[in-house]
Number of protein chains: 2
Amino acid sequence: MGRKRTKSGKIRLAEVAELAGVSPITASRFFRNPEALSVAKRTRVESAARELGYVPNLAARALASQRTEVIGVLIPSLTNNVFSDVLRGIYDASEGSRYSIQLSNTRYSILQEEKLLRLFLAQKPAGLIVTGIDQTTESRAMLEAADCPIVQIMEIGPNPVDMMIGFSHYDAARAAIAHLFAQGHRRIGFVGARMDPRVQRRLDGYAAAMKDAGLFDQRLIVTTATPTSVTLGGALFADLIAREPDIDAVFCANDDLALGVLFECRRREIPVPDQIAIVGFNDLEFMASSVPTLTSVRTNRYEMGSTAAAMLIEAIEGKRPEKPVLDLGFTVIERQSSQAQRPTASPRAGEWAPAVQNDSVTNDP
Amino acid sequence: MGRKRTKSGKIRLAEVAELAGVSPITASRFFRNPEALSVAKRTRVESAARELGYVPNLAARALASQRTEVIGVLIPSLTNNVFSDVLRGIYDASEGSRYSIQLSNTRYSILQEEKLLRLFLAQKPAGLIVTGIDQTTESRAMLEAADCPIVQIMEIGPNPVDMMIGFSHYDAARAAIAHLFAQGHRRIGFVGARMDPRVQRRLDGYAAAMKDAGLFDQRLIVTTATPTSVTLGGALFADLIAREPDIDAVFCANDDLALGVLFECRRREIPVPDQIAIVGFNDLEFMASSVPTLTSVRTNRYEMGSTAAAMLIEAIEGKRPEKPVLDLGFTVIERQSSQAQRPTASPRAGEWAPAVQNDSVTNDP
DNA sequence: GTCGCTGCTGGTAGCGCTGTCAACGATCCT
DNA sequence: AGGATCGTTGACAGCGCTACCAGCAGCGAC
């Protein structure tokens, strides 16, 4: 016997079709490919749908069509400011499209990432955005076997699974160190936390630049697996300066650490940049208004997210980009914290201004 | 005639049932309510599912059961640190449950919120988390008509739609001002940005406290609709101090603004807290390690998210909480930036320590 | 006139799962 | 012992939509 399900008063496609005087399948086509209809039927279906307030049932559509309109996004952290900018880009670019975002947090664990990937793939997503290029072998195999477009974000490297968008953390770190060299600094410390693959590559870039200049010294490097924070930046710098009092600059793997270093310098009355220069990474908003203003490597986080989502959607709809790997570059934004010459006095109100980007070293491939 | 759809090699429930030697409906029950099966069949289905690597088709489930396992979340901003903490709580609490999170960004627009709400509700979510208590009349009506549990987060107020979890921004602001009064401050400025409803209520709390003390002065208030930032904090404070040079404290509607004020003071060589005391709101991590450390009102953002999601899931599964409205309270964390007496000298390295919470004014209902 | 093509439309048959109800044996109570 | 109750299981019929063809009209080419 049949069920007694309440028909729930919901408008179905069949109702719309009836009101429009067409078959259900024609009405269905209207929502997926309006161009295939004659103008007359198109307008009839459109007004019928509006009149009834029809909303398609996505579950039924997914079941019948054997595919979903979901874009899976895997990022390592919800807390890190870097990812909130990327996410904003992704959400903005997906808005207005038919695709919805399914977000999951890997917490910087590639095993967790593998687990989530398995979960996502089982639901046949329309596309996937994953962070970075360091997946487990198993994850990599799943990604390559997946029958949907995939974008790797945050960095670029060899052997993309499919598409890729990011920049070279290695080169960015080298550019930051080159800037410090140009300002006359020689004993440059490195402060890093979390040490995820991208931070590791910044460290590699730092080390390579220092080695090339014959200035590399393992003792200049302080890192920890602890998640990053401003407080941690201060603590790591305290370790560093206690051990190596003669350092003249610090390159921080991110801006939170840099701010922590700045505060620690202030606490110890170490003049910045006169005794110690500071360079951060990411160019978060506050870097431009601290005292002194802080030099940083600007990265195009929002664009990374929005472009990744846009590329993915294009690819889902069959228009693969001509260049599947996109380098968004970076810019060293030079500010007071790394100037060779400190201005005569601490600037008075009104005299300071954010760094002019024209003065900066840009890598925009 | 039938279709030639590629059966896609996917394992279906029927296959699992066949291997386990039970009917499909019994296998189905195993995944939804294992307790209803006898132990023998339960283990048989379990091993069959594992052997075949079965993954349920959520679209089919949603279609057949007329409901989804999706929790809709509407927040006003993806950038604001406050919401990233809340979100992390929501995602953490939903992990391991059968529910997945569908996130959307209202961008502080209640019209956008209404639009998104309509979209969400059309897909019959299992539950809904919405930010704040200021919905449009239309949104309010839709929420009340929705046949799923709903949690309003970030603040508490009268007439909850369903459940509610947050704290009183009004009371929190009053507590911050009371603390400044206790430290001897009288001409206390207010700096606010964005001026969303919650910031507005903080302003109301400030104004009420000042009026009660006979100290209210409209000229002490500087606000803007511009989104908040550290830089903006400095700029707003610059306006305020230019107009009212005799202020002795500033209450900032959030910590970014407070940091901006601190930097601006440093830029102008205004001693903090000797000439100007500073109090922020939210107690972001950096407040404890700035120089001087910054007083702030701690809010339980992660708990707000995780508890909201946990309550919602309980409610979806039929266990409504005994108390549908939960006040998570706040704590005024007293730090150097609002101390009545500045320590004799600027503290030396190692001598500073984060404020002890025991010294603080807690409102923990 | 016939053929093939193009553009539009419709019929049929599911997609994979679950709500509803009925049936069955086992257990419990009087 | 008889009836009521409980726990467990299965049959059936869809949920609302779309893939796959088939059909049909209109048109130009031969």
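Each chain gets a letter, A, B and so on, in the order the sequences are listed, and its residues count up from 1. Owing to the predicted nature of the structure, the values given are computational and were not obtained by experimental measurement.
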Expected list for residues 21-30 of chain B: side-chain donor-acceptor pairs under 3.5 angstrom, two or more places apart:
residue : atom : partner : partner atom : Å
B:S23   : OG   : B:T26   : N            : 3.4
B:S23   : OG   : B:T26   : OG1          : 3.1
B:S28   : OG   : B:R32   : NE           : 3.2
B:S28   : OG   : B:R32   : NH2          : 2.8

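Rounded to a whole Å, the CZ atom of A:R98 is 12 Å from the C1' atom of D:dT18. The CG atom of B:L63 sits 13 Å away from the C1' atom of D:dA13 (whole-angstrom rounding). Remark: C1' of C:dT18 and CZ of B:F30 are 17 Å apart, rounded to the nearest angstrom. Rounding to whole angstrom units, CZ of residue B:R67 and C1' of C:dC17 are separated by 12 Å. We find that CG of B:L13 is positioned 12 Å from P of C:dG19, with the value rounded to whole Å.
Under the 4.5 Å side-chain criterion, counting only non-hydrogen atoms from C-beta, B:V70 is not in contact with B:I101. Side-chain contact check for B:L326 versus B:T307: some heavy-atom pair is nearer than 4.5 Å. By the 4.5 Å heavy-atom criterion applied to side chains, A:R98 and A:I313 are not counted as neighbours. Side-chain atoms of A:R88 and A:R301, non-hydrogen and from C-beta on, never get closer than 4.5 Å to each other.
Applying the side-chain hydrogen bond (donor to acceptor under 3.5 Å, both in side chains) test to residues at least two apart or on different chains, the pairs with a partner in residues 136-150 of chain B are B:E114-B:T136, B:T136-B:S139, B:R140-B:E144. Listed by first and then second residue, the side-chain hydrogen bond (donor to acceptor under 3.5 Å, both in side chains) pairs that reach into residues 35-45 of chain B come to none, sequence neighbours excluded.
Salt-bridge check for B:R107 with A:E95: passed, with a basic side-chain N closer than 4.0 Å to an acidic carboxylate O.
For the contact set between residues 41-62 of chain B and DNA chain D, defined by any heavy atom under 4.0 Å, the members are B:K41. Contacts between residues 14-29 of chain A and DNA chain C, defined by a heavy-atom separation under 4.0 Å, are made by A:V22, A:S23, A:I25, A:T26, A:R29.
By the ring-ring contact (aromatic ring centres under 6.0 Å, His included) test, B:Y54 is found to be paired with B:F31, residues two or more places apart in sequence or in another chain being considered.
Distances shorter than 4.0 Å separate none of the side-chain N or O atoms of A:S38 from OP1 or OP2 on C:dG7. Contact annotation: A:Q66 does not reach the phosphate of D:dC17 (side-chain N/O to OP1 or OP2, under 4.0 Å). Side-chain N/O atoms of A:R32 include one lying less than 4.0 angstrom from OP1 or OP2 on D:dT18.
Closest to the side chain of B:R12, from the set C:dC8, D:dA19, C:dG16, is C:dG16.
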